[in-house]
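Naming convention: chains lettered A, B, ... in sequence-line order (proteins, then strands); numbering from 1 in each chain.
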Amino acid sequence: MQPVKRKDVPTRKDDRVILHFDYDCFYASVFEAENSALKEKPLAVQQKQIIVTCNYEARRRGLRKLQLIKDARHICPDVVIVLGEDISRFRDASKTLYNFLRSFSWNDRAERLGFDEVWLDVTDMIDYNISLLNSHDLAHSFFVLEKDDPTQGFAFDATCYEGPTTPNDSTTNDEVLTLRLKLGSHLASHLRNELERKTGYTSTVGVSTSKVLSKLVGNMHKPKDQTTLVPPYTHQDGQVSNVEAFIDDYEIGKIPGIGSKLARKLRHHVLQHEPDFEKGLIYGETKEKVTVKDLRLAQNMSADLLEKLLTGPGSPRGIGAKIWSLLHGIDDTEVNFAKAVPSQISIEDSYIRLDTLPEVLKELKMLSCSLIERMRIDLVAGEDDADLVILERYDELESEAKARPHGKWLAQPKTIRLSTRPRLPLNPDGTRTRSFKRISHSSALPSYVLSLTDTVDALAEKLVHETLIGMFRRLHPEKAGWNLSLVNLAVTNMAEAGGETRTANGRDIGSMFKRQETVHKEFTTYADEDAMPPTKSSFQTEERTSLGHIDQLDAEMSVDVEDSGWVEEENEDAERCGICGMSVPLFALPAHTRYHEVTDD
DNA sequence: TGGGGTCCT
DNA sequence: AGGACCC
């Protein structure tokens, strides 16, 4: 008998430890954090006609995500419904929680997905702590959270996993990976507990060696818990590996990276016929489940065959090899470094009908206001910024102070984009085909939008009339008749002040500005019922501590207002500080220099 | 069926 | 500029 030819099965590389955090029913939790009376009630968050998420009390009563409001009210008449179309509060909470988790990272590999998920690559922390273990007393180990301060950390038992594992009974001879994942599980537990203790938010965590596996495995124990995928990760003594056993039963469309389009093609290939749900339906689950195993073991399946199956106009290069790896539970993509600024900021609203120019102008104005406000929040090193506290003093000396907002742009968006989603005309039979296709035009973002001295309203007004109307006309040349279901306004193409995408060189940058013991003081402790979550202001202004250092770092990279030339009227009687390079009014230079003498090492 | 985001072609 | 993917 011929031995089975194992062609191009990719090899695993399990040298990382990755944690995936998922905040429990995030939007609902944000409202609960604002008003703890909501915690005991079935709570749902509404956007337009749907429930985007609901708390677990609501789920117990049969509510689900993405349910229609009317269905939800029918199923659970006493549900408390709150409006969540303005996502400012979610964005702010997401940023706070993300910065909290990021502050533990040594390598600054901390990546967000949406508002409620975060990956941390904690490989360096795990390896360091393994090197510290006392092999004679593993049960009484201590996990060091800060390299420079061995007293900061927590006690743990290195002989066992913390929290649930999958499978829960497994034997392996891979002791190295086992030990690393055990430490990973203890770290995950500590971070979950600290997150809840300091911010009030609960989370669900997955522990494994890749982004995909950590994300998938976290789902095993859902609210407020964690799951570690335990070794063996490779075949051992003729036994199927735990990775394969874990991933094989997933429906292919559930694997991150395999979206609806790819899943449809892959199902079609395995089933050799059109799945039933195809007819006329855009959304829908097939009843004919195709699993990872079905696909992996399909006739002649290989990276090459997948490449042929999936390659088409616009398809990414190497898609076959990528999917083939995923079918084996292999995902070598790295956890991205934390980014100083987002690559895009957008605001959108959807409409039942929007078909007259006055209405469009009104909407563009509202969207512009929101967008400029958002730009100021996310792209400006604000008044709470450490370096700018000093400027505040000068403002007071100038005795004009408060009126003028101050701060520096961390990045300048260069492009503005207007997108719309036209509603398709009626079909001959009177039905309407739903389309989610968008059309868009981009232009240079006029530099006046970046003024911090004008009001948001004035800038928005100017933007609408000098730029957006023209863009809208190009997008919709017809005089009328367009029927828009969505308008989206975005700024993109961020030119960062430092010219870098990241804060710095990437390695060990975290330790430059992190002081765990002080970061955590900024968060309120949730001992009592009525404790409120840390508000943005309490979080950012209380003490100049660790996250203050982040602000400082950001400020150092920030655009120099005078050099950049896009803020017109800056102070002319200014001198540059020889130490930090900051532009300082002449009369204030002595005081500024003393500031360095006092604070610099 | 929302209001966001990322990356790739 | 659009399309795929993610929440």
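Between A/Lys362 and A/Asp349 there is no salt bridge, since no side-chain N of the basic residue sits under 4.0 Å from a carboxylate O of the acidic one.
Between A/Val487 and A/Glu363, the closest side-chain pair of non-hydrogen atoms is not below 4.5 Å. In this structure, A/Ser419 and A/His441 have side chains that are not in contact, with every pair of non-hydrogen atoms separated by 4.5 Å or more.
If A/Asp378 and A/Ile50 are placed on DNA chain B by their nearest nucleotide, the residue sitting closer to the 5' end is A/Ile50.
Straight-line distance from the CD atom of A/Glu111 to the P atom of B/dG5: 16 Å, rounded to whole Å. Atom CZ in A/Phe436 sits about 17 Å away from atom C1' in C/dG2, given to the nearest Å. Rounded to whole Å, the distance from CZ on A/Phe26 to C1' on B/dG2 is 15 Å. Distance A/Asn336 CG to B/dG5 C1': 13 Å, rounded to the nearest Å. The CG atom of A/Leu484 sits 17 Å away from the C1' atom of B/dG3 (whole-angstrom rounding). Rounding to whole angstrom units, CZ of residue A/Arg421 and C1' of C/dG2 are separated by 15 Å. Atom NZ in A/Lys322 sits roughly 10 Å away from atom C1' in B/dC8 (whole-Å rounding). The CD1-P distance, from A/Ile345 to B/dT6, rounds to 9 Å in whole Å.
Counting non-hydrogen atoms under 4.0 angstrom, A/Glu348 reaches a base of the nucleic acid. At the heavy-atom level, A/Ser442 lies under 4.0 Å from the strands shown only through sugar-phosphate atoms. A/Ile87 comes within 4.0 angstrom of sugar-phosphate atoms only, judged by non-hydrogen atoms across all strands, and of no base. Across all strands, A/Ile347 comes closer than 4.0 Å only to sugar-phosphate atoms, never to a base (heavy-atom distances). Residue contacts for A/Arg317: at a heavy-atom cut-off of 4.0 Å it reaches the sugar-phosphate backbone alone, with no base atom in range. Contact annotation for A/Asn488: no contact, since no heavy-atom pair falls under 4.0 Å across all strands. Within 4.0 Å of A/Gln46, counting heavy atoms only, lies no atom of the nucleic acid at all. Among the heavy atoms of the strands, none lies under 4.0 Å from A/Gly84.
Taking the side chain of A/Arg91 as heavy atoms from C-beta on, and the options B/dG4, C/dC7, B/dG3, the nearest nucleotide is B/dG4. The side chain of A/Ser260 has C/dC5 as its nearest neighbour among C/dC7, C/dC5, B/dG2. When distances run from any side-chain atom of A/Val52 to the nucleotides C/dG2, B/dG2, B/dC8, the shortest one goes to B/dG2. Comparing B/dG3, C/dC7, B/dT9 by their nearest atom to the side chain of A/Pro316 picks out B/dT9. Nearest to the side chain of A/Lys48, among B/dG4, C/dG2, B/dG3, sits B/dG3. Distances were taken from every side-chain heavy atom of A/His441 (C-beta onward) to each of C/dA1, B/dT6, C/dC7; the shortest belongs to C/dA1. For A/Gln344, the listed nucleotide lying nearest its side chain is B/dG5; candidates were C/dG3, C/dC6, B/dG5.
Taking only side-chain nitrogens and oxygens, A/Lys65 never comes nearer than 4.0 Å to OP1 or OP2 of C/dC7. Between A/Ser440 and C/dG2, a side-chain N or O to OP1/OP2 separation shorter than 4.0 Å is present. Remark: A/Arg438 is not in phosphate contact with C/dG3, judged by side-chain N or O atoms under 4.0 Å from OP1 or OP2. Here A/Lys215 reaches the OP1 or OP2 of C/dC7: one of its side-chain N or O atoms lies under 4.0 Å away. For B/dG5, one of the phosphate oxygens OP1 or OP2 lies less than 4.0 angstrom from a side-chain nitrogen or oxygen of A/Ser346. Contact between the side-chain N/O atoms of A/Ser350 and the OP1/OP2 oxygens of B/dG3 is found at a separation under 4.0 Å.
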- Message: Checking A/Phe31 against A/Arg89 for the side-chain contact (heavy atoms from CB on, under 4.5 Å) test, could you report, in this order, the C-alpha distance in whole Å, the side-chain angles of both residues, the deciding distance, and whether it holds?
- Response: CA-CA 9 Å; A/Phe31 282 102; A/Arg89 44 160 53 84; 3.5 Å; yes
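A distance-only check finds a donor-acceptor pair linking the side chain of A/Gln47 to the backbone of A/Gly84 [under 3.5 Å]. Although no hydrogens or angles enter the test, the distance criterion places no donor-acceptor pair under 3.5 Å between the side chain of A/Asn427 and the main chain of A/Asp429.
For the atom pair CD1 of A/Ile330 and CG of A/Leu326, the computed distance is 9.5 Å after rounding to the nearest 0.5 Å.
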